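This report concerns only the one structure given below.
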Amino acid sequence: MTFTKKVLEVVKTIPRGQTMSYCQVAALAGNKKAARVVGTILSKNYDPAIPCHRVIRATGQLGKYNRGADKKAALLKQEKQENYRPQ
DNA sequence: TAGTTGACCGGAA
DNA sequence: ATTCCGGCCAACT
């Protein structure tokens, strides 16, 4: 299992309405200092099974998104709302 | 092939 | 409080 795969797996396991920082993902993937790599991988990896929009910066900022930061914010907001109202 | 860049983070000055 | 530096791995030139 390479770091890249691990990162993708970790991001895949992020629950709905919940966000995780690149640092967290990197730590779970095995390398706490590889937050940068996480961003690189996610930016390249287009995959509907990988909710990269749930990965934000450790400072609380949303950071960037391959489909637009606006979409990221909107999706997160929506998911949070849906999390508050299941089904 | 080698060097640079990049959706980042933490610590130091 | 802000600004700078090192570290990690993948993709691009």
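Within every chain, numbering begins at 1; the chains are lettered A, B, ... in the order of the sequence lines, protein sequences first and strands thereafter. Note that the structure is predicted; figures quoted are calculated from it, not measured.
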Original post:
To the nearest angstrom, how far is Leu28(A) atom CG from dC9(B) atom C1'?
Top reply: 15 Å

Subject >> Whole angstrom value for the distance that separates P of dG10(B) from CD of Gln61(A) >> reply: 14 Å

Original post:
Does Tyr22(A) make a side-chain donor-acceptor contact with the base of dA7(B), cut-off 3.5 Å?
Top reply: yes

**OP:** Please name the pair of heavy atoms, one in Phe3(A) and one in Gly30(A), separated by the smallest distance, quoted to 0.1 Å.
**Re:** CE1-N, 4.4 Å

Original post:
Between Gln24(A) (CD) and dG10(B) (P), how many Å, whole number?
Top reply: 9 Å

**OP:** Would you kindly give the NZ-to-P distance between Lys32(A) and dC9(C), to the nearest whole Å?
**Re:** 16 Å

**OP:** Measure from the side chain of Cys23(A), starting at C-beta and using heavy atoms only, and say which of dA7(B), dC8(C), dG10(B) lies closest.
**Re:** dG10(B)

Original post:
Rounded to whole angstrom units, what separation is found between the CE atom of Met20(A) and the C1' atom of dC8(B)?
Top reply: 16 Å

Original post:
Hey, which of these two, Ile41(A) or Ala35(A), hits DNA chain C nearer its 5' end, going by closest nucleotide?
Top reply: Ala35(A)

**OP:** Give the minimum heavy-atom separation between Cys52(A) and Asn66(A), together with the two atoms involved.
**Re:** SG-ND2, 4.0 Å

Original post:
How many Å lie between NZ on Lys6(A) and P on dC9(C), as a whole number?
Top reply: 11 Å

**OP:** Measure across Pro51(A) and Lys12(A) and return the closest heavy-atom pair with its distance rounded to 0.1 Å.
**Re:** CD-CA, 4.0 Å

**OP:** Output yes when at least one side-chain N/O atom of Arg36(A) is less than 4.0 Å from OP1 or OP2 of dC9(B), else no.
**Re:** no

Original post:
Distance check: side-chain N/O of Lys44(A) vs OP1/OP2 of dC12(C), anything under 4.0 Å?
Top reply: yes

**OP:** For Lys64(A) and dG6(B), give me the distance from atom NZ to atom P, rounded to whole Å.
**Re:** 8 Å

Original post:
When you check the phosphate oxygens OP1 and OP2 of dG6(B), does a side-chain N or O of Ser43(A) lie under 4.0 Å from one of them?
Top reply: no

Original post:
If you look at every heavy atom in Lys72(A) and Lys64(A), which pair is closest and at what distance?
Top reply: NZ-O, 3.1 Å

Original post:
Nearest of dC8(C), dA7(B), dC9(C) to any side-chain atom of Phe3(A)?
Top reply: dC9(C)

**OP:** Give a yes/no on whether any side-chain N or O of Asn31(A) is located under 4.0 angstrom from OP1 or OP2 of dC9(C).
**Re:** yes

Original post:
Counting side-chain heavy atoms from C-beta on, which of dG7(C), dA7(B), dC9(B) comes nearest to Lys33(A)?
Top reply: dG7(C)

Subject >> Shortest non-hydrogen contact from Ala26(A) toward Ala34(A) >> reply: CB-C, 3.7 Å

Subject >> Rounded interatomic separation in angstrom, taking CD1 from Ile56(A) and P from dC8(B) >> reply: 12 Å

Subject >> Side-chain donor/acceptor contact of Thr40(A) with base of dA10(C) under 3.5 Å >> reply: no

